[in-house]
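All residue numbers in this chain count up from 1 along the given sequence.
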Amino acid sequence: YLTLLNVSFFLSFRWLVIAVGLVRAYLAKGSYHSLYYSIEKPLKFFQTGALLEEYLLIAKYLPGIVPSSVVLTAFQVMSRVFLTWAVTHSVKEVQTEDSVLLFVVAWTITEIIRYSFYTFSLLNHLPYLIKWARYTLFIVLYPMGVSGELLTIYAALPFVRQSGLYSISLPNKYNFSFDYYTFLILVMISYIPIFPQLYFHMLHQRRKVLSHTEEHKKSE
């Protein structure tokens, strides 16, 4: 239990590191353009490690504390890892796009709130403000993050097509072809059915959790 509590606290702290890095870079440069470079390394490290951490926190240890859909959460985490490495890292030209900052800021605020929620839930002392933030701010942060992700992928498309990045052409000894440009388009299309499910799932949880809290307050 203490180990899980420490892990949850650490995950919240690491996103604070990224937030502080963004603020310091902005104050130093006086501009929000190209702030990605100031947090590139910690973002890659922390976001990649989220694959294992989400399994431990969501799928295995906290199903009763955190009302999350494992499938939807897994898509969210994998899409972020994909954006971090397969798009932003691989296509250097998009790293200066404002859309990158858009999803990084959305991720950072969302994760600070989410892991703070987990930490205080484990302590059995969850402030209403954190609960409210967890089930309210996503209304803006989720569309903000998704918009940044989609705009970044879209910005990467011409560079991917020009360079043939990660594409495999026929003929080859495996008799297999792969067009990364088309794959990115399919990834963008996949947001159409999946994002609304994630968004409406959170809206449902918001009504459920916050209405329960209000009823509890009235009963007191």
Side-chain angles (χ1 to χ4, degrees), residues 5-54 57 73 76-123 125-159 191 195 198-199 202:
L5 179 61
N6 289 334
V7 169
S8 182
F9 177 79
F10 168 73
L11 298 182
S12 179
F13 176 77
R14 73 179 184 178
W15 285 99
L16 281 171
V17 170
I18 292 178
V20 170
L22 287 172
V23 172
R24 289 182 62 184
Y26 173 77
L27 293 176
K29 296 179 59 176
S31 171
Y32 63 87
H33 297 294
S34 303
L35 291 183
Y36 170 76
Y37 300 109
S38 65
I39 48 85
E40 179 180 8
K41 290 182 179 179
L43 179 68
K44 290 177 179 178
F45 179 75
F46 293 152
Q47 195 61 71
T48 304
L51 291 171
L52 175 60
E53 294 150 4
E54 288 294 337
L57 286 172
T73 301
Q76 188 177 36
V77 174
M78 292 178 67
S79 68
R80 290 180 178 183
V81 174
F82 178 82
L83 255 293
T84 300
W85 288 102
V87 180
T88 310
H89 169 77
S90 300
V91 186
K92 305 294 184 183
E93 292 84 353
V94 304
Q95 293 178 0
T96 56
E97 294 286 332
D98 292 342
S99 58
V100 173
L101 182 62
L102 193 65
F103 71 70
V104 169
V105 170
W107 292 358
T108 302
I109 298 174
T110 298
E111 297 308 276
I112 289 173
I113 294 171
R114 188 160 68 100
Y115 286 121
S116 296
F117 176 87
Y118 295 166
T119 301
F120 283 104
S121 295
L122 286 166
L123 291 170
H125 184 69
L126 179 62
Y128 178 76
L129 180 61
I130 292 179
K131 179 185 287 188
W132 178 88
R134 163 69 173 145
Y135 291 103
T136 302
L137 296 186
F138 79 89
I139 295 173
V140 174
L141 293 173
Y142 276 23
M144 175 180 167
V146 167
S147 297
E149 293 172 22
L150 290 174
L151 287 171
T152 301
I153 297 174
Y154 181 77
L157 288 177
F159 300 105
Y191 277 72
F195 172 70
L198 176 62
Y199 196 70
M202 287 299 297

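- Residues P158 and A155 share a closest heavy-atom pair of CD-O, 3.5 Å.
- The minimum heavy-atom distance linking Q95 with Y37 is given by the pair OE1-CE2, 3.1 Å.
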Q) Should W15 and T110 be marked as a side chain to side chain contact (heavy atoms under 4.5 Å, CB included) after you check the CA-CA gap, both sets of side-chain angles, and the distance that decides it? A) CA-CA 9 Å; W15 285 99; T110 298; over 6 Å; no
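- W107 and E149 are linked by a side-chain donor-acceptor pair at a separation below 3.5 angstrom, with hydrogens and angles left out of the test.
- By the 4.5 Å heavy-atom criterion applied to side chains, L101 and D98 are not counted as neighbours.
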(Q) Between V17 and F13, is the side chain to side chain contact (heavy atoms under 4.5 Å, CB included) condition met? List the steps. (A) CA-CA 6 Å; V17 170; F13 176 77; 3.8 Å; yes
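- Under a 3.5 Å cut-off, the side chain of T88 and the backbone N or O of T84 do not form any donor-acceptor pair.
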Q) Given V94 and V91, is the side chain to side chain contact (heavy atoms under 4.5 Å, CB included) satisfied, shown in steps? A) CA-CA 6 Å; V94 304; V91 186; 3.9 Å; yes
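- Once rounded to the nearest 0.5 Å, the distance linking CD1 of I109 with CD1 of I18 reads 12.0 Å.
- With hydrogens and angles ignored, the 3.5 Å screen pairs no side-chain donor or acceptor of T136 with any backbone N or O of A133.
- Between atom OG of residue S34 and atom NZ of residue K29 there is a gap of 4.5 Å, rounded to the nearest 0.5 Å.
- Side chain of R114 to backbone of R134: no donor-acceptor contact under 3.5 angstrom is found.
- Distance alone, capped at 3.5 Å, is enough to place a donor-acceptor pair between the S79 side chain and the Q76 backbone.
- Between L102 and M144, some side-chain heavy-atom pair lies under the 4.5 Å cut-off.
- Judged by distance alone, the side chain of S90 and the main-chain N or O of W85 form a donor-acceptor pair under 3.5 Å.
- For the pair Y26/V23, no side-chain contact is recorded, criterion being any heavy-atom separation below 4.5 Å from C-beta on.
- The CZ atom of F159 sits 5.0 Å away from the CD atom of E93 when rounded to the nearest 0.5 Å.
- Proximity of L43 to F46: side-chain heavy atoms (C-beta onward) are nowhere separated by under 4.5 Å.
- A side-chain donor-acceptor contact under 3.5 Å links S99 and T152.
- Aromatic ring centres of F138 and Y199: separated by under 6.0 Å.
- To the nearest 0.5 Å, the span separating CD on E40 from CG on L35 amounts to 13.0 Å.
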Q: Could you please spell out the steps behind the ring pair (Phe, Tyr, Trp, His ring centres under 6.0 Å) verdict for Y142 and F195?
A: CA-CA 9 Å; Y142 276 23; F195 172 70; 7.0 Å; no
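- Atom CD1 of I113 sits about 9.0 Å away from atom CD1 of I130, to the nearest 0.5 Å.
- K41 NZ: 12 or fewer foreign heavy atoms inside a 6.0 Å radius.
- The local environment of OH in Y191 is crowded, with over 12 non-hydrogen atoms from other residues, nucleotides or ligands closer than 6.0 Å.
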Q: Kindly determine whether I153 and L83 satisfy side chain to side chain contact (heavy atoms under 4.5 Å, CB included), including the steps that lead there.
A: CA-CA 8 Å; I153 297 174; L83 255 293; 3.9 Å; yes
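- Heavy atoms only, all atoms of each residue included: V87 and A156 are closest at CG1-CB, 4.0 Å.
- Between Y118 and Y115, the ring planes lie perpendicular to each other; the angle is over 60°, past the 30° to 60° tilted range.
- Rounding to the nearest 0.5 angstrom, the gap separating the NE2 atom in H125 from the OG1 atom in T119 is 13.0 Å.
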